[in-house]
Amino acid sequence: LVARIMYNEPYVSLPMRSSVRGGTVQHEWKRDGRWQGLSATTAETAAVPEAGSHEEFITDHEWGYSRQRDGGTIEYRVQHDRWPVRRATELRIDADFSSLYGSTLGPALTKPLTRFIVDGSAVTVGTPVRLAL
């Protein structure tokens, strides 16, 4: 709700469930009456991504941007510790990403170039600021 109101991000809320068993992490959400999701398995030890890697690019964003209803743009700072990652050796996808992200982006999400599990940390999202045109 906060992301939708303060940042105009088009998030939806869905029932979710997750599990971690050994080196396998599974996340699922219920949409259109069925459970969808993905799981990844790894045997690696977590490590901070290499500079210039896909993992670093995906996990280390300091700024967020969102288009507004009137066509303007807001910017907000996103702060968190550097996230260690583990490369996934197996990946299972059972999800209709097109229904979540649209017909252009959805299909691209079913064939990832990089597969990894992130340990994560607490995240602080700053107050949005409207960018001047």
Side-chain angles (χ1 to χ4, degrees):
L1 183 61
V2 171
R4 289 179 67 87
I5 292 172
M6 286 188 62
Y7 301 89
N8 194 35
E9 294 285 357
Y11 293 129
V12 296
S13 177
L14 299 171
M16 294 187 70
R17 60 187 184 192
S18 298
S19 66
V20 179
R21 292 188 187 105
T24 300
V25 176
Q26 180 174 357
H27 293 293
E28 295 179 300
W29 54 92
K30 193 170 189 178
R31 183 172 173 92
D32 298 329
R34 82 170 183 97
W35 285 99
Q36 303 180 47
L38 51 91
S39 66
T41 301
T42 184
E44 290 192 359
T45 301
V48 173
E50 293 180 28
S53 67
H54 284 144
E55 293 89 346
E56 181 192 47
F57 177 78
I58 292 167
T59 62
D60 197 21
H61 286 78
E62 187 173 352
W63 297 97
Y65 299 88
S66 185
R67 182 176 171 192
Q68 300 301 286
R69 289 177 188 89
D70 65 2
T73 301
I74 59 167
E75 172 184 72
Y76 51 92
R77 189 167 189 187
V78 180
Q79 295 176 286
H80 59 76
D81 296 337
R82 294 203 58 202
W83 290 339
V85 301
R86 305 165 200 265
R87 292 182 201 270
T89 54
E90 295 179 37
L91 178 67
R92 181 191 66 81
I93 299 174
D94 178 18
D96 179 5
F97 287 129
S98 292
S99 73
L100 285 171
Y101 298 104
S103 61
T104 302
L105 181 57
L109 297 174
T110 63
K111 299 172 190 145
L113 296 176
T114 305
R115 304 167 179 197
F116 58 91
I117 297 170
V118 179
D119 286 353
S121 69
V123 175
T124 301
V125 179
T127 303
V129 175
R130 188 170 186 86
L131 297 179
L133 298 177

For [Y], does its backbone N or O pair with a side-chain atom of [X] as donor and acceptor, under 3.5 Å?
X	Y	answer
E90	T41	no
R86	I117	no
R31	L100	no
Q68	S66	yes

Looking only at non-hydrogen atoms, find the nearest pair between [X] and [Y] and report the distance.
X	Y	value
L91	A40	CD1-CB, 4.2 Å
S121	H80	OG-CB, 3.7 Å
P49	E56	CB-N, 3.5 Å
R34	D96	NH2-N, 4.1 Å
A95	W29	CB-CZ2, 3.5 Å
T110	I93	O-CD1, 3.8 Å

Classify the angle between the aromatic ring planes of Y101 and F97 as parallel (below 30°), tilted (30 to 60°) or perpendicular (above 60°).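 Correct class here is tilted.
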
Distance in Å, [X] [atom1] paired with [Y] [atom2], rounded so as to fall on 0.5 Å steps:
X	Y	atom1	atom2	answer
F116	T59	CZ	OG1	6.0 Å
R17	S19	CZ	OG	9.0 Å
D70	R130	CG	CZ	4.0 Å
D119	D81	CG	CG	11.5 Å

Heavy-atom count around [X] [atom1] within 6.0 Å, excluding the residue itself: above 12?
X	atom1	answer
H54	NE2	no
R87	CZ	no
R67	CZ	no
Q79	CD	yes

Side chains of V78 and H61, heavy atoms from C-beta outward: is any pair under 4.5 Å?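 No, too far: nothing below the 4.5 Å cut-off.
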
Between [X] and [Y], is there a shared hydrophobic cluster once you connect ILVMFWY residues whose side-chain heavy atoms come closer than 4.5 Å?
X	Y	result
V12	L38	yes
F57	L109	no
L105	Y65	no
M16	V25	no
W35	V20	no

Please step through side chain to side chain contact (heavy atoms under 4.5 Å, CB included) for the pair W83 and V123, ending with a clear verdict. CA-CA 11 Å; W83 290 339; V123 175; 3.7 Å; yes

